[in-house]
Asks: 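Let me give you the structure first, and then I'll get to my questions.
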Protein chains: 2
Amino acid sequence: MLIHLDFQSDIPIYLQLKMQIIEGIATGKLKPGESLPSVRQFAEDLGINLHTVNKTYNLLKQDGFILVHRQKGVVVNPDEGPKVTEEYLTQLHTELRPMIIEAFCRGMSKEEFNKICSQIFLELKEKGEG
Amino acid sequence: MLIHLDFQSDIPIYLQLKMQIIEGIATGKLKPGESLPSVRQFAEDLGINLHTVNKTYNLLKQDGFILVHRQKGVVVNPDEGPKVTEEYLTQLHTELRPMIIEAFCRGMSKEEFNKICSQIFLELKEKGEG
DNA sequence: ATAACTGTTATATTTATAATATAACAGTTA
DNA sequence: TAACTGTTATATTATAAATATAACAGTTAT
């Protein structure tokens, strides 16, 4: 699993890492049941602190993307991953709203907006198949 | 212009204020050419610091949503507001990507995702007409 | 059993950002 | 002259991110 962290970004490292792991799962680079490095090994590989990786793992565990076995270590959820819950929909709506408000204000139509979203969806699908 | 700030939110106040002003412009509650309170007056009304309002105004000015005349004070851009620039599209894409990755990972189809976006668009349109 | 590993927890420190507090400057307006 | 405008500067407080060390409890392989 190849990770690239931007230390100059205003996005916290633990969130960058979380996103890229989710992307790995989404595109199939990380298969269900596949192991992830230990917090110490991953931290060393990425040149960051153990606690930063641990923070990321805790978030992913909380969302149901990964499981933490006392024996097997950290593993991509081998069963069904997290689904579209009510809680998630609320969060998604909260995050989308301000973005759409600005898009609307700039004169972007919902068709244009949806086109951009669809394109990102297709890119993910292609990565998953390719 | 009615503003509600959530001091418990993890979203910074200056961003909450920025979003709500843009929403006001989007929904027509703030008309082109309309005046906004001075930094001091607005800060007093909202119970926050002068500099927090100033930070918001500077961001809105930078994006072209408002103008700052030495005489007239702060005014909603009376001409055409900011449009869909290349820079904006890049930013939008960067913000949308992680959200769509998670949606995709949770098994949400692009049709479902677009439906949610469309609904938010329609809500804004209704507010603007109503 | 000893050693090396696992996630987890605790504590402390450094760094960066958000927000506030005062103060002042230059220009405008009544 | 007095009261306002945005702007700038400086300092302080509060919070979150990231790091540094250390330890604990359980597992695994030698």
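Lettering of chains follows the sequences in order, A, B, ..., and the numbering in each one begins at 1.
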Asks: So does Gly64(A) get a backbone contact from the side chain of Asn77(A), meaning a donor-acceptor N/O pair under 3.5 Å?
Replies: yes
Asks: Please check if any side-chain donor atom of Gln41(B) sits under 3.5 Å from a side-chain acceptor atom of Asp45(B), or the reverse.
Replies: yes
Asks: How does protein contact run along nucleotides 2-10 of chain C, one letter per nucleotide 5' to 3', with B for base contact, S for sugar-phosphate only, - for none, heavy atoms under 4.0 Å?
Replies: ----BBBBB
Asks: Pairs counted only when both distances fall under 3.5 Å, Watson-Crick or G-U: show me the 5' to 3' dot-bracket for DNA chain D, [ ] for pseudoknotted crossings and | for other-strand partners.
Replies: ||||.|||||||||||||||||||.|||||
Asks: Any salt bridge linking Glu129(B) with Lys125(B)? Criterion: basic side-chain nitrogen under 4.0 Å from a carboxylate oxygen.
Replies: no
Asks: Taking atom types as modelled, find out whether Glu95(A) and Gln91(A) have a side-chain donor-acceptor pair closer than 3.5 angstrom.
Replies: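 Checked: Glu95(A)/Gln91(A) side chains pair up, N/O donor to acceptor below 3.5 Å.
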Asks: Quick check on dA17(D): is either OP1 or OP2 less than 4.0 Å from any side-chain nitrogen or oxygen of Thr52(A)?
Replies: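 For dA17(D), OP1/OP2 do not have a side-chain N/O of Thr52(A) under 4.0 Å.
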Asks: In whole angstrom, what separates Leu59(B)'s CG from dA19(C)'s P?
Replies: 11 Å
Asks: At what distance, to the nearest 0.5 angstrom, does CG of Leu89(A) lie from CG of Leu96(A)?
Replies: 10.5 Å
Asks: Kindly assign one of parallel, tilted or perpendicular to the pair Phe121(A) and Phe113(B), based on the angle between their ring planes and the thresholds 30° and 60°.
Replies: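 Plane angle over 60°, so perpendicular.
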Asks: Please report the distance, rounded to the nearest Å, between CG in Asn49(B) and P in dA14(D).
Replies: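 It works out to 15 Å between those atoms.
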Asks: Can Glu44(B) and Arg40(B) be counted as an ion pair, charged N to O under 4.0 angstrom?
Replies: no
Asks: Strictly below 4.0 Å: does Lys55(A) bring a side-chain N or O up to OP1 or OP2 of dA18(D)?
Replies: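 Negative; the distance criterion is not met.
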Asks: Which residues in residues 3-17 of chain B have a heavy atom closer than 4.0 Å to any atom of DNA chain C?
Replies: Pro12(B), Ile13(B), Tyr14(B)
Asks: Hey, does Lys18(B) have a side-chain heavy atom less than 4.5 Å from the side chain of Asp63(B)?
Replies: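 A side-chain contact exists here, since the closest heavy-atom pair is under 4.5 Å.
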Asks: Does a side-chain N-to-carboxylate-O contact under 4.0 Å join Lys127(A) and Glu23(A)?
Replies: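 Counted as a salt bridge, because a side-chain N and a carboxylate O are separated by less than 4.0 Å.
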Asks: Donor-acceptor check, side chain of Asn54(B) to backbone of Leu50(B), threshold 3.5 angstrom: yes or no?
Replies: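 A pair under 3.5 Å: no.
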